[in-house]
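Some notes on the structure that comes next.
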There are 2 protein chains.
Amino acid sequence: MKNDSRLSRMLHVLIHMDQLAGAATSEQIAQMLSTNPVVVRRTLAGLREQGYVRSLKGPGGGWSLARKLEEISLADIHRALDSPRLFAISATVDHAGCLVEQAVNAALSSAFDEAEQALLARLDSISLADVARDFARRARRKSARP
Amino acid sequence: MKNDSRLSRMLHVLIHMDQLAGAATSEQIAQMLSTNPVVVRRTLAGLREQGYVRSLKGPGGGWSLARKLEEISLADIHRALDSPRLFAISATVDHAGCLVEQAVNAALSSAFDEAEQALLARLDSISLADVARDFARRARRKSARP
DNA sequence: GCAATATGTAACTTCCACTGTTGCGTAGGA
DNA sequence: TCCTACGCAACAGTGGAAGTTACATATTGC
Ligand code: FES
Ligand code: FES
């Protein structure tokens, strides 16, 4: 199964957007992510619907933050991406009605559901501002000993 | 991303194997899983390497348990399948050296690693015998009120 | 108005890992 | 010897994210 990298990419972009003066074009963002402007617009569209970013057409246009980093959690972005599947593993219904299968799926589902809740809670507790502060820390450390 | 159903399927099969008198052929198992005998052999091969099942050729041959359900945890089977990726989401290295990207990936990785550890611990705490007991409970309940 | 810029969107193709299939080889029982 | 069942290589199929092309639309500035 191929990996979904949208969450990682969007978090990266949002923090860069916060540090830029004006707006960033899809073209510029695409270069940050080593990808195509259309992919950027497609993915950012979801965040715009949820009010996290704005987009403007025409010269001088592009994408900019609509809210402060402090007000956005990592889980918010996950949800704005339509809550993609977190797990690569899932139960099956190969033989509907089989009680063995049902018992197996019940055991697996409870474990995975619990893990998902814990993970989302954790992602909800981290704001983009937290990540930006960690970035600033890394930048200071790097300039201190180059 | 397509889902990985090997863990679910193998747990299902192992419990059925425990309840059968003799061995089960790949053909029979394939019918349980609504799939192909080759898929069954391919997947069970990993479990055989780890000593959880045996296979015999020729008439009367097939697959049988090599250990008791009590001695096998759900996580054991996950590992016997070569520990497939648990998460459908992952970090990226789109712009190596970017400290923002590194801070994002650090935040995501710690959250995902933590969730993975908790999930595996949970799967390690459940034995196949536990699931078999839950199956027996479901069977009793069903025969009680049909 | 016109040209240039930038997003919006549809309609593809590509990529990747799990899944499914075919074919042939090998081992073991009757 | 014949039949059964696994072992394995070498494909094709599948589904969803990612990438690409093409064109429409809106906005700025002359
Ligand atoms: S993409 Fe983060 S610095 Fe270039
Ligand atoms: S597969 Fe037929 S009963 Fe479990």
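In what follows, every chain begins at residue 1, and chains take the letters A, B, ... in the order their sequences are listed.
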Quiz item: Under 4.0 Å between a side-chain N/O of B/Ser26 and OP1 or OP2 of D/dA5, yes or no?
Solution: no
Quiz item: Is B/Ser55 near enough to D/dA5 that one of its side-chain N or O atoms lies under 4.0 angstrom from OP1 or OP2?
Solution: no
Self-check item: Contact residues, residues 6-20 of chain B to DNA chain D [heavy atom, < 4.0 Å]
Solution: none
Self-check item: Those residues of residues 56-67 of chain B lying under 4.0 Å from DNA chain C by at least one heavy atom
Solution: B/Lys57, B/Pro59
Self-check item: Residues in salt bridge (charged side-chain N to carboxylate O under 4.0 Å, His left out) contact with A/Glu49, at least two apart in sequence or another chain
Solution: none
Exercise. Any pair with a residue in residues 110-134 of chain A that passes ring-ring contact (aromatic ring centres under 6.0 Å, His included), sequence neighbours left out, goes on the list, sorted by first then second residue, please.
Key: A/Phe87-A/Phe112
Practice problem: Verify the distance criterion only: is there a donor paired with an acceptor across the side chains of B/Trp63 and B/Ser26 at less than 3.5 Å? | Solution: yes
Practice problem: Could you state the atom-to-atom distance from CG of B/Asp94 to C1' of D/dA17 in whole Å? | Solution: 13 Å
Quiz item: Should B/Arg67 and B/Asp18 count as an ion pair when the cut-off is N to O under 4.0 Å?
Solution: no
Quiz item: D/dG19 P sits how many Å from A/Ile29 CD1, rounded?
Solution: 15 Å
Exercise. Ignoring hydrogens and angles, state whether a donor on the side chain of A/Ser110 or B/Arg122 is under 3.5 Å from an acceptor on the partner side chain.
Key: yes
Quiz item: Residues from residues 32-50 of chain B sitting under 4.0 Å of DNA chain C, heavy atoms only?
Solution: B/Thr35, B/Asn36, B/Val38, B/Val39, B/Arg42
Quiz item: A/Ser55 and A/Arg48: side-chain donor and acceptor closer than 3.5 Å?
Solution: yes
Quiz prompt | 4.5 Å side-chain heavy-atom contact, B/Gln50 and B/Asp76 | solution = no
Practice problem: Answer yes or no: is there an ion pair linking B/Arg79 with B/Asp124, defined by an N-O contact shorter than 4.0 Å? | Solution: yes
Practice problem: Take atom CZ of A/Phe87 and atom C1' of D/dG16, then tell me their distance rounded to the nearest Å. | Solution: 19 Å
Exercise. Please collect all ring-ring contact (aromatic ring centres under 6.0 Å, His included) contacts where either partner lies in residues 4-34 of chain B, sequence neighbours excluded, each pair once.
Key: B/His12-B/His16
Quiz item: How about B/Gln117: does its CD atom have over 12 heavy atoms from other parts shown lying under 6.0 Å from it?
Solution: no
Quiz item: Can you tell me if the side-chain N/O atoms of B/Ser5 get under 4.0 Å from OP1 or OP2 in C/dT19?
Solution: yes
Exercise. Would you kindly give the CD-to-C1' distance between B/Glu27 and D/dC6, to the nearest whole Å?
Key: 12 Å
Self-check item: A/Glu116 bridged to A/Arg85 by N-O distance under 4.0 Å
Solution: no
